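Quantities reported herein were computed from a predicted structural model and do not represent experimental measurements. Letters A, B, ... mirror the listed sequences (proteins, then strands); counts begin at 1.
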Amino acid sequence: MRVEDTIEVYVVGEMNIYKAEDNKKTFQSYLTNNKNVILDLSNVTEFDTAGLQILMAFKKSLDAKHKNLYLRAPSELIINILKLLKMDNYFEVIN
Amino acid sequence: MNDELNAIKQTFINESLDLLEAMERSLLKIENSPEDQETINTLFRSAHTIKGSSGMVGYYEIEKFTHTLENTLSSIRDGKLSINRDIIDLLLECKDYISDMIRVYAIEESVLTEEMRIKGDLLKVKLQNLKDEKKVLEKELKESSEIINIEGIWHISVKFNEDILTYGFDPLSFINYMQKIGEVRYIFVNAQKLPPLEELNHEKCYLSFEIGLYTELGKKAIEDIFEFVIEDVKLRILPPNSKVEEYIKLIEELKTDSEKLGEILVNAEVITKKELEDALEEQRNRKVLKGEEKKIGEIIVEEKMAHQPVVDVALEKQKKILESKQRESKTIKVDSEKLDHLINMVGELVIATAGLNQQSMKIGFKEFLESVSIMTRLVEDIREKAMQLRMVPVGETFSKFQRVVRDICKETGKEIELRITGGDTELDKNVTEKINDPLMHLIRNACDHGIETPDVREKIGKPRKGIVKINAYNDAGSIVIEIIDDGKGIDKEKILQKAISMGLIQDNQQLSEREIFNLIFHPGLSTAEDVTKFSGRGVGMDVVKKGIESLRGIIDIDSKKNIGTTVRIKLPLTLAIIDGFMVSVDDANFIIPLEMVIECLELNGFSREDTNQKKYIDLRGEVLPLIRLRDIFYNNGFLPPIENVVVVKVGQQKIGIVVDKLKGEVQTVIKNMGIFYKNYRHISGATILGDGNVALILDVQYLLNGGLVC
């Protein structure tokens, strides 16, 4: 993973239905760069189905462009949900 | 429409405040027993309901805050977060904050101040930061080392309505909850329908789930997880393939009212009637022969009549039946005004019946007399039942004090345990409401002035933790509430000095111990050296006494140095009726509260001359001051040859009331006299007798203290 190929995006606060629209728009804006994306999720305070769907759809879109999505230091909240859904291996988690 | 909305809001306010109170009780309970899953569930449900209903009436800020709280509570419920004192502190703060928000939004219909808003954000952050890594680790270790039992896995396929998110539900929360009723063995998130981000509608739900759940519960219980969204979910639940599971399902689906485990098992055809009889026989035998106390479920398993899981499910079923029975008997809410009205009518009915009774005596027609006597008995029953409607256990009022004591401990660094006994003693609802403030004051006093700091206690050989007991019991038609602390006791010398300096008593006056303690009830007399946030300002004890007296109650203090103080309050069970002793002067009837009457004496012509001068009689060597009702109420008319004295006792004081005739015991409904008579302080109320005449109820306390001894 070369640094110049990668953008870092910090998500702070809620990743839920209330913020779904904002988050979708933000992520979508990074699709045009044609780069790998590191999402820093260490400061996510809320995470629900809407948030999960956006993450999955984001990955799907990046996959289509043969780019990778890395989740960095997801907060415990997110880890627990991914574990619950046995999706711990679905995303690439880095620390 | 507007009215309707207001009514809904009012319901929301009442309901939420009740729930918040329940939350506080639950929190305090959990602090002492963190493993109490039932209470944790109650707590969670309370928060959940507040969240739901506040959203429904449009208070989104309350909804959002409660949502965060609910998340924390759900972590506690799921065992991800263990309870400690700090968490309880935080949760109590959150509970207070919600009730503040309800006050601001719903009651005052205004908006949060900046300060409150910041406080709310701060609380939210605190809630989200709660972590308990040790516990999480432990849980993971435990999970990984558990031997997996493949038998009995339910396959659940869940497909939500794609608009589910806009209805305010989070599909993940349902799956999360499954962990609560069982163990999620496998899960497959189906994202086939999920489009790439560009085409994603962020408000639609694209995911569906295939879940393998191991649980001992049945189809119904799994379905119940989705209770709130049952219309918006496509649910397929495939039961596991074994005999045990089949029994479990049978039991779950069983429609029965029986709360007996054996009957549940028989009804579900798990065991036969014969087997049950054998098991019961075995149970009796073991008790008689071996002294063993075995539960029927244990016997059934031991005798290999059924498998343990089946019995466990049946036990669960039994518990649910019991719970729902309790719920049914617990919850009828009636407007207290309606109740008052009913009781008033019943009072009138009693009076009317008494009138009918007298008329029937005059007529003396046998069949008529019989009918009337049956009716009288029924009316008596109705009256008794009607009075019981108003009776509520005092425990609920008492349990509120847990929080008070806890706050004081936190503030002052003292260690105090509040022990409540006799909480199921019943008392008129009106009385419980009015007794709250005086009791609160007394509890604060006990904690603040009575109980010493832990270090001081240790030094004088007491346990560090002080104990404040609140105890209620019935005592001959009244209820006694005691507040007992094991603190330092009341300093007699200090009270005396203060009372002398205030001119309440003379320097050389001899007072009994009890009289000294009762000086505390004088306005302005507080002996605490330091005034704290909670008490000690010298106002209060007189207010407490007035409060108790306005309920026709008596308050008394007893105290021993370094052993503690006991405050005893005696209250009538209800304000609506009175057990009275009727007397008359000339043709006017008076009622003396029966509980005050000690004895009755004759006052014959000979001693009358004598007592008229002395204004007291010699009652077996004791001086008994006299009050002559004739003098107070200016009755003229013929003076009977023999007058009577009713000896009454209020507190520790005895007095004789001189009347013409003694008429005996009556039980009457108290009527207020109306404001026109409010200056006639000798009388506390009136009642209408069966023959339509009025009898006045004497305020003996006032007669005694009003200096009217003749």
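- In summary, of the residues considered (B:Leu197, B:Leu207, B:Leu200), a side chain to side chain contact (heavy atoms under 4.5 Å, CB included) with A:Met56 occurs for B:Leu207 alone.
- Ranked by non-hydrogen atom pairs under 4.5 Å with chain B, the options A:Thr45, A:Leu85, A:Ile17 are led by A:Leu85.
- At most 12 non-hydrogen atoms from other residues, nucleotides or ligands lie less than 6.0 angstrom from NZ of B:Lys159.
- Within the 4.5 angstrom heavy-atom criterion, no atom of B:Thr166 approaches chain A.
- Between chain A and the options B:Pro171, B:Ser173, B:Ser75, B:Ala191, the largest number of non-hydrogen pairs under 4.5 Å is found for B:Pro171.
- B:Lys126 NZ: 12 or fewer foreign heavy atoms inside a 6.0 Å radius.
- Proximity to chain A is absent for every atom of B:Phe188, based on heavy atoms less than 4.5 angstrom apart.
- Proximity to chain B (any heavy atom under 4.5 Å) is restricted, for A:Leu52, to the side chain, taken from C-beta onward.
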Using side-chain contact (heavy atoms from CB on, under 4.5 Å), reason through A:Asn23 and B:His202 one step at a time and then give a plain yes or no. CA-CA 9 Å; A:Asn23 286 330; B:His202 63 272; over 6 Å; no
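- Contact of A:Leu31 with chain B is made through the side chain alone, with heavy-atom distances under 4.5 Å.
- Heavy-atom contacts from other residues, nucleotides or ligands closer than 6.0 Å to CD of B:Gln192 number 12 or fewer.
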Dump the intermediate steps for side-chain contact (heavy atoms from CB on, under 4.5 Å) on A:Asn80 and B:Asn176, then the final yes or no. CA-CA 10 Å; A:Asn80 284 343; B:Asn176 207 15; over 6 Å; no
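- In this structure, chain A has a heavy atom under 4.5 Å from the backbone of B:Pro195, while its side chain stays farther away.
- Ranked by heavy-atom pairs shorter than 4.5 Å toward chain A, the options B:Val125, B:Asn71, B:Leu172 are led by B:Leu172.
- Nearest approach of A:Gln53 to B:Lys204, heavy atoms of both residues: NE2-O, 2.7 Å.
- A donor-acceptor pair under 3.5 Å is absent between the side-chain atoms of A:Thr49 and the main chain of B:Asp170, judged by distance alone.
- Heavy-atom distances place no part of B:Lys124 under 4.5 Å from chain A, backbone and side chain included.
- Not one N or O on the side chain of B:Glu198 forms a donor-acceptor pair closer than 3.5 Å with the backbone of A:Ser61.
- Residue with the most contacts toward chain B among A:Ile54, A:Leu77, A:Asp63: A:Ile54 (heavy-atom pairs, distance under 4.5 Å).
- For chain B, the nearby parts of A:Ala50 are the backbone and the side chain; heavy atoms of each come within less than 4.5 Å.
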